[in-house]
Undergrad: 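Below you will find the structure I want to go over with you.
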Amino acid sequence: MDETRTHRSLWTLTTPPRDFPALAGDLEVDVVVIGGGITGLTTAWLLKRAGKRVAVLEMNRILSGQTGQTTAHLTELLDTPYTTLRRDFGEKGARLAASSSRAALEQVATLVEELGLDCDFQRVPMFRYAETSRQWASLEQEFSAARDAGLHASLTQRVPLPFPVKGALRVEDQALFHPRKYLLGLVDRLIGEGCFVFESTRVKEVHDGAPCRVVTDRGTVTAAAVVEATHSPLNRVLLQTKLYAYRSYAVAGPLDGPLEPAQYYDSQEPYHYIRTQPVDGRMYVIIGGEDHKVGAEEDTGQRYAALEDYARKHFPVKALTHRWSGQVIEPADGLPYIGRNAASRHVYVATGFSGTGMTFGTLSGMLISDLILGRQNPYAALYDATRVKPLAGAKDFIQENAETAFHFIADRLARPDGKHLSEVAPGEAKILEVDGQKVAVYREEDGTSHAVSPVCTHLGCHVHWNGAERSWDCPCHGARYSPTGKVLNGPAVKDLPSCKLPR
């Protein structure tokens, strides 16, 4: 059956497809980078520029993961408010979070200029706007904390939106770009001189050592260092307790009226995020939001419907031509985990980017490449992947892991959706009980059925069906699988085993 995404992003549909070879046997390099998104490709490029031989291994296609599903904001105004960062990391920590985000944005700008990358890069203001008095009071507090952290911020009642608001926190000199154009330009310059990019190459095992060994389904790659640039680390059980996976949705369409190029965020919970993007000479609006925990939403199609309704009510757009969704990994204490993995000497991780993956993915490449090259980096301690901050995010840590424990038990005890294949309509999926065992069954529109084990291969939770994206999603740590059980998102590395159905 067709295993491609049900919904493809604007970025994918506005750039030509690209093919890279699969690994063909064993290989030795200086550094192995697992993951072909912005984190992996930025890390690989910076290491190549420093003279290292690098191999990038991508399970599917380059830029087909979360980088391909972004809304591509480059910003210093992070998902975690600066009021919270100042409380949990101190004034110095908040300033470092701001300056590191600025450094990442400028790194993108520098590469665009130095390499001549045609990727619609544009510096724009960012508006975090308020629609109620309570939201405005909250923005006033955030303005003070953001300004103290070093952002070029102001409060304004002049917000160039096509509907009235009370005002906004305005941050100057943020940026927009076309992430796929940017990174395809980068990967073209990466290949060669002992550097490689391999697609359709699944990593099965990572062994730390001297050298490290990365075992794939196509061969083994040995190297002095390994970078897991996989959005969610592969089978890192301890780190997974500090990470929470959410789905976020996006729609886009051509504007039928004016909208100033900028980044816009409302102050609702969960919030919506808006930006502009030129496509073939016409300006489009992209609107994202409607987040929910992976595997916790039965009617995922309703999320798209709500987002489309929001778009039509607030912006001059008649036709919404694109829709897609992506995975957002929230960290326990509000900042990403970037650096050497716990109990490892030569394996590095980068995860927990929240909704600012383009900024933190770039920063990860900068920070990890410095660590591998033995360079001092002023942000290494702040983002240390092994850190534990008991007070910061303690409530979320307890709640999220309690929900994981609940799903682990409750899904096993839950009644199945049915017992016979006839109860699964074409185009639908259900958990059936067959010969005393639960089976995850999907039927294609032509009636062809696919049956797999519902037990996630990461840590054994049961998967739930995601109708809008046509995938089996694990509510515990965010692993996702295709209708036939193939891994779409980590931390799982093994497919769901096939099951036989009685004839």
Undergrad: Checking the side chain of Ser100 only, and the main-chain atoms of Tyr379 only, is there a donor and an acceptor separated by less than 3.5 Å?
TA: no
Undergrad: Once side-chain hydrogen bond (donor to acceptor under 3.5 Å, both in side chains) is applied, do any residues pair with Ser354, and if so which ones, sequence neighbours excluded?
TA: Glu330
Undergrad: Using the test side-chain hydrogen bond (donor to acceptor under 3.5 Å, both in side chains), find all partners of Ser248 that sit at least two apart in sequence or belong to another chain.
TA: Tyr273, Asp291
Undergrad: To the nearest 0.5 Å, tell me how far Ser200 OG sits from Glu58 CD.
TA: 8.5 Å
Undergrad: Got a second to check how far Gln277's CD is from Phe177's CZ, nearest 0.5 Å?
TA: 10.0 Å
Undergrad: May I ask you to check whether Tyr249 and His292 place their ring centres under 6.0 Å from each other?
TA: yes
Undergrad: If the condition is side-chain hydrogen bond (donor to acceptor under 3.5 Å, both in side chains), which residues does Tyr129 pass it with, not counting sequence neighbours?
TA: Tyr310
Undergrad: Apply side-chain hydrogen bond (donor to acceptor under 3.5 Å, both in side chains) to residues Glu76 and Gln174 and explain how you reach the verdict.
TA: CA-CA 7 Å; Glu76 298 165 275; Gln174 309 303 282; 2.8 Å; yes
Undergrad: If only atom types and distance count, is the side chain of Thr12 paired as donor or acceptor with the main-chain N or O of Arg8 below 3.5 Å?
TA: no
Undergrad: Just how far is it from atom NZ of Lys204 to atom CG of Asp217, taken to the nearest 0.5 Å?
TA: 6.5 Å
Undergrad: Please report the interatomic distance CG(Leu183) to CZ(Arg18), rounded to the nearest 0.5 Å.
TA: 11.5 Å
Undergrad: Begin with the C-alpha distance, continue with both residues' side-chain angles, and end with the deciding distance and a verdict on side-chain hydrogen bond (donor to acceptor under 3.5 Å, both in side chains) for Arg340 and Tyr348.
TA: CA-CA 4 Å; Arg340 186 178 285 104; Tyr348 301 82; 3.1 Å; yes
Undergrad: Checking the side chain of Glu142 only, and the main-chain atoms of Thr83 only, is there a donor and an acceptor separated by less than 3.5 Å?
TA: yes
Undergrad: Is the distance between the ring centroids of His7 and Tyr304 less than 6.0 Å?
TA: yes
Undergrad: Do Arg49 and Leu111 pass the side chain to side chain contact (heavy atoms under 4.5 Å, CB included) test, and can you show the C-alpha distance, the side-chain angles, and the key distance before you say yes or no?
TA: CA-CA 12 Å; Arg49 193 172 65 179; Leu111 289 177; 4.1 Å; yes
Undergrad: For Phe127 and Val171, run side chain to side chain contact (heavy atoms under 4.5 Å, CB included): C-alpha distance rounded to whole Å, both residues' side-chain angles, the deciding distance at 0.1 Å, then the answer.
TA: CA-CA 7 Å; Phe127 297 90; Val171 182; over 6 Å; no
Undergrad: Arg247 and Asp473: salt bridge (charged side-chain N to carboxylate O under 4.0 Å, His left out), yes or no, with the steps?
TA: CA-CA 10 Å; Arg247 296 301 291 175; Asp473 297 358; 5.1 Å; no
Undergrad: So, the side chain of Arg213 versus the backbone of Asp208: is there a donor-acceptor pair under 3.5 Å, distance only?
TA: no
Undergrad: Hey, are Thr457 and Tyr481 close enough side-chain-wise for a donor-acceptor pair under 3.5 Å?
TA: yes
Undergrad: As a quick check of understanding, evaluate salt bridge (charged side-chain N to carboxylate O under 4.0 Å, His left out) for Asp173 and Arg102, giving each step before the final call.
TA: CA-CA 9 Å; Asp173 202 22; Arg102 168 53 55 184; 3.3 Å; yes
Undergrad: Could you tell me if the side chain of Val285 sits less than 4.5 Å from the side chain of Leu259, heavy atoms only?
TA: yes
Undergrad: Between Thr362 (side chain) and Ala104 (backbone), is there a donor-acceptor pair under 3.5 Å?
TA: no
Undergrad: Look at the side chain of Thr67 and the backbone N and O of Leu63, then say whether any donor-acceptor pair between them is shorter than 3.5 Å.
TA: no
Undergrad: Drop me the distance from Asp495's CG to Leu488's CG, to the nearest 0.5 angstrom.
TA: 9.0 Å
Undergrad: Could you tell me whether Arg323 and Glu308 have a side-chain N and a carboxylate O separated by less than 4.0 Å?
TA: yes
Undergrad: Is any side-chain N of the basic residue among Asp333 and Arg387 closer than 4.0 Å to the acidic one's carboxylate O?
TA: yes
Undergrad: Within the distance-only criterion (no hydrogens, no angle test), does the side chain of Gln263 pair as donor or acceptor with the backbone N or O of Pro125 below 3.5 angstrom?
TA: no
Undergrad: Just verifying a value: how many Å separate Lys92 NZ and Ser99 OG, rounded to the nearest 0.5 Å?
TA: 10.5 Å
Undergrad: Asp79 vs Tyr271, test: side-chain hydrogen bond (donor to acceptor under 3.5 Å, both in side chains). Steps then yes/no.
TA: CA-CA 10 Å; Asp79 277 16; Tyr271 66 82; 2.6 Å; yes
Undergrad: Is there a donor-acceptor pair under 3.5 Å between the side chain of Arg202 and the backbone N or O of Leu57?
TA: no
Undergrad: Ignoring hydrogens and geometry, is there a side-chain-to-backbone donor-acceptor pair from Thr201 to Glu199 under 3.5 Å?
TA: yes
Undergrad: Any sub-3.5 Å donor-acceptor pair from Thr222's side-chain atoms to Pro211's backbone N or O?
TA: no
Undergrad: Yes or no on salt bridge (charged side-chain N to carboxylate O under 4.0 Å, His left out) for Asp30 and Lys52, after CA distance, side-chain angles and deciding distance?
TA: CA-CA 6 Å; Asp30 297 319; Lys52 296 295 184 181; 5.3 Å; no
Undergrad: Please check if the distance between the ring centroids of Phe198 and Phe196 is under 6.0 Å.
TA: yes
Undergrad: Check the pair Tyr264, His272 against ring pair (Phe, Tyr, Trp, His ring centres under 6.0 Å), reporting the backbone distance first and the verdict last.
TA: CA-CA 8 Å; Tyr264 303 94; His272 297 88; over 10 Å; no
Undergrad: Decide yes or no on side-chain hydrogen bond (donor to acceptor under 3.5 Å, both in side chains) for Ser364 and Tyr383, but give the supporting numbers first.
TA: CA-CA 9 Å; Ser364 296; Tyr383 296 103; over 6 Å; no
Undergrad: Applying side chain to side chain donor-acceptor pair (under 3.5 Å) between His178 and each of Asp118, Asp120, Thr14, report the one that passes.
TA: Thr14
